[in-house]
Protein chains: 2
Amino acid sequence: MFLFKPLCTSINTEKTNMYFVTEILKQFATISEKAKIELAEMVIKRELPKGTLLLEEGKTCKYLNFLESGFARAFYYQDGKKITSWFAFENDIVASMYSFTTQKPSFENIEIIENSVFHSIYFEQLEKLYRKYPEFNLIGRLLIEKYFIELEERILSLQIQPAKERYQKILKNQPELLQRASLGHIASYLGISQETLSRIRANI
Amino acid sequence: MFLFKPLCTSINTEKTNMYFVTEILKQFATISEKAKIELAEMVIKRELPKGTLLLEEGKTCKYLNFLESGFARAFYYQDGKKITSWFAFENDIVASMYSFTTQKPSFENIEIIENSVFHSIYFEQLEKLYRKYPEFNLIGRLLIEKYFIELEERILSLQIQPAKERYQKILKNQPELLQRASLGHIASYLGISQETLSRIRANI
DNA sequence: TTCACTTTTTGACTTTTGTCAAAAGATAAA
DNA sequence: TTTATCTTTTGACAAAAGTCAAAAAGTGAA
């Protein structure tokens with residue numbers, strides 16, 4: 001039932017009264033005191049070491065994970081190669097959007113790159129929350145609207161910018177990504193070969 | 001105040017009791033009879049002729065438009081060239097997501113390609129609806145989740161598929177697009193030059 | 001430190017895609 | 001029909017990016 005157990009047996013899976021998730025969500029809309037407490041009680045804190053697979057291709061994403069500290073990425077396989085679909089930093093929400101919202105098997109994997117602390121909500125619990133406190137639908141809507149706009153920007157970049165400009169955009173907007181992710185991961189994220197990225201980097 | 005007036009003076013802007021929007025939305029969740037009526041009263045039916053700009057760059061997208069019949073696209077300018085960001089068919093929702101959700105000036109234009117009939121809701125009216133009937137937040141959330149997944153698929157395609165495969169994907173999944181949109185529009189949508197698309201098409 | 005392993009860089013070459021210009025085809029109005 | 005306009009195709013060449021292989025650099029454990 002719990003997706004993570006077979007994959008990371010050495011991990012702390014304690015239920016805590018953390019307010020980390022609440023703090024993130026209340027940036028989008030106010031949450032009543034009662035809902036806040038109920039939410040906090042649903043949240044499971046998990047510390048996952050580097051190298052763990054938080055989600056495996058073919059399995060269904062049952063958790064919405066809020067990343068307190070650490071670094072993760074999603075990737076899928078294409079002709080045997082791993083292609084990065086996104087990176088997640090502190091305060092980001094980590095889940096396969098497709099698999100979580102549809103509750104169908106995921107086509108992507110989520111991999112912990114740096115030791116991470118997550119605060120996670122189980123799918124059914126979240127559904128319960130949505131039903132009991134309709135205000136959470138507002139938060140959910142605003143939250144996904146934010147991520148939607150990020151996707152639109154990324155499409156724009158892949159659609160019209162040559163590789164060099166895509167790299168320079170990251171250099172300008174997310175320089176910390178270049179410090180924390182490997183060249184190969186970044187290259188596939190940008191949709192180019194590792195060699196091309198290495199050459200672009202050498203000419204700047 | 002009304003975005004469309006200066007752009008399309010010859011257009012019918014009648015307030016009707018249409019249930020077109022309701023029919024689209026109730027696929028996502030049930031709507032109470034009362035909310036249904038209130039929604040229908042907010043909807044404005046508009047018939048826009050081919051060539052009209054439904055939204056102009058720099059202006060704020062004040063309407064969420066449901067396309068009953070016709071065909072439209074969004075485009076933005078890049079080095080003086082028009083780049084198509086998406087196409088909209090019957091039953092699609094037409095708006096600049098960025099501009100509508102943030103109520104900031106749009107970077108993209110929306111152009112009517114074939115004479116179209118829209119059912120439109122004004123931003124403030126929709127907000128009122130969200131406040132009065134929280135169930136609409138559920139619909140809004142589910143709806144944007146659906147479009148989110150489509151964007152993810154498009155990123156995947158731009159990230160890893162060569163031009164020929166991107167074209168073949170459309171050929172397979174949206175053959176009607178190839179009938180209704182011009183070669184140049186499709187080429188910029190795929191992120192390639194018109195000449196390349198012409199050559200790809202010649203070799204299939 | 002040394003060794004094994006992984007990541008990054010470099011070189012040589014190929015393939016894909018873009019650009020510019022001109023021709024061909026299609027469309028619509030006079 | 002003729003003309004003007006717009007779209008699509010084709011050719012010749014240039015630029016961007018990929019592939020394969022090998023070297024160099026970095027990392028971590030013994």
Side-chain angles (χ1 to χ4, degrees), chain A residues 49-53 71 73 75 77-84 87 111-115 154-171 175-204, chain B residues 49-53 71 73 75 77-84 87 109 111-115 155-171 175-204:
Chain A
K50 180 175 157 176
T52 311
L53 279 185
F71 185 46
R73 70 157 180 157
F75 69 88
Y77 287 95
Q78 170 73 6
D79 304 327
K81 281 183 236 163
K82 293 176 175 179
I83 311 288
T84 301
F87 294 102
E111 178 189 21
I112 311 300
I113 301 178
E114 297 171 10
N115 296 340
R154 211 164 143 225
I155 285 178
L156 207 135
S157 185
L158 288 167
Q159 193 180 10
I160 54 161
Q161 290 184 316
K164 189 171 187 170
E165 290 174 28
R166 299 209 290 273
Y167 174 76
Q168 287 172 328
K169 193 177 176 185
I170 289 188
L171 196 62
E176 79 284 13
L177 177 60
L178 305 179
Q179 306 306 318
R180 295 172 76 174
S182 78
L183 189 84
H185 292 178
I186 296 168
S188 73
Y189 176 72
L190 291 174
I192 57 179
S193 73
Q194 175 170 309
E195 293 92 330
T196 296
L197 182 52
S198 175
R199 289 185 175 105
I200 285 171
R201 209 160 61 159
N203 294 329
I204 284 181
Chain B
K50 181 175 155 176
T52 311
L53 279 186
F71 186 46
R73 70 156 181 160
F75 69 87
Y77 286 95
Q78 170 73 5
D79 304 327
K81 278 183 239 164
K82 292 176 176 179
I83 311 288
T84 302
F87 295 101
N109 306 267
E111 178 190 21
I112 310 300
I113 301 177
E114 296 171 11
N115 295 342
I155 286 179
L156 207 135
S157 185
L158 288 167
Q159 193 181 10
I160 54 161
Q161 289 183 318
K164 190 171 188 171
E165 290 176 27
R166 299 207 289 274
Y167 173 75
Q168 287 172 328
K169 192 177 175 184
I170 289 189
L171 196 62
E176 78 284 12
L177 176 60
L178 305 178
Q179 305 307 318
R180 296 172 76 173
S182 78
L183 190 84
H185 291 178
I186 296 167
S188 72
Y189 176 72
L190 291 175
I192 57 179
S193 72
Q194 175 170 310
E195 293 92 332
T196 296
L197 182 53
S198 174
R199 288 184 177 106
I200 285 172
R201 209 160 60 158
N203 293 329
I204 283 182

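By convention in this document, chain letters (A, B, ...) are assigned in the order of the sequence lines, proteins followed by strands, and residues within each chain are numbered from 1. Hydrogens, waters and symmetry mates play no part in the numbers below; they use all other heavy atoms, side chains included.
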Discussion item. Using whole Å, what does the distance between atom P of nucleotide D:dG18 and atom CD1 of A:Ile83 come to?
Written reply: 11 Å

Worksheet item: How long is the span from the CD1 atom in A:Ile113 to the CZ atom in A:Phe87, to the nearest 0.5 Å?
Response: 6.0 Å

Response to the item:
B:Leu158 atom CG is separated from D:dA17 atom P, nearest whole Å, by 14 Å

Item to complete: To the nearest 0.5 angstrom, please state how far the OH atom of B:Tyr167 sits from the CZ atom of B:Arg199.
Response: 15.0 Å

Worksheet item: Out of D:dG18, C:dG18, D:dA16, which nucleotide sits closest to the side chain of B:Ser193?
Response: C:dG18

Response to the item:
To the nearest angstrom, the CD-P distance between A:Gln159 and C:dG18 comes to 12 Å

Worksheet entry | Protein-nucleotide distance (B:Gln78, atom CD; C:dT19, atom P), rounded to Å | 11 Å

Practice prompt. Could you state the atom-to-atom distance from CD of B:Gln161 to C1' of D:dG18 in whole Å?
Written response: 17 Å

Item to complete: Evaluate the side-chain proximity of B:Leu190 to B:Thr196: yes if any heavy-atom separation is below 4.5 Å, no if none is.
Response: no

Fill in: Letter per nucleotide, 5' to 3', of nucleotides 22-30 of chain D [B base touched, S only sugar-phosphate touched, - untouched; heavy atoms, 4.0 Å]
---------

Worksheet entry | Residue pair A:Ser188 / A:Lys81, side-chain heavy-atom distance below 4.5 Å | no

Worksheet entry | Nearest-0.5 Å distance, CD1 of residue A:Ile83 to CG of residue B:Leu156 | 9.0 Å

Worksheet item: Bend across the helix from C:dT1-D:dA30 to C:dA30-D:dT1, to 10°, with axes taken over 5 pairs at each end?
Response: 40°

Worksheet item: Per the side-chain hydrogen bond (donor to acceptor under 3.5 Å, both in side chains) rule, which among A:Arg73, A:Glu111, A:His185 passes with A:Thr84?
Response: A:Arg73

Item to complete: Please report, rounded to the nearest Å, how far the C1' atom of D:dA16 is from the CG atom of A:Leu190.
Response: 15 Å

Practice prompt. Find out whether B:Arg201 and B:Leu178 are in side-chain contact, i.e. whether some heavy atom of one side chain is under 4.5 Å from a heavy atom of the other.
Written response: no

Worksheet item: Less than 4.5 Å apart, any side-chain heavy atom of A:Gln168 and any of A:Gln161?
Response: no

Worksheet item: How long is the line joining CD1 of A:Ile192 and P of C:dT8, in whole Å?
Response: 13 Å

Practice prompt. Quickly work out the B:Lys164 NZ to C:dG18 P distance and round it to whole Å.
Written response: 15 Å

Item to complete: Between protein and nucleotides 4-13 of chain D, map the contacts as a letter string: B base, S sugar-phosphate only, - none, heavy atoms under 4.0 Å, written 5' to 3'.
Response: ----BBBBB-

Worksheet, complete the sentence: In this structure, CD1 of A:Ile155 is separated from CD of B:Gln159 (nearest 0.5 Å) by 11.0 Å

Worksheet item: If you measure from CD on A:Glu165 to CD1 on A:Ile200, what distance do you get to the nearest 0.5 Å?
Response: 10.0 Å

Practice prompt. Check whether any side-chain heavy atom of B:Tyr189 sits under 4.5 Å from a side-chain heavy atom of B:Ile170, and report yes or no.
Written response: yes

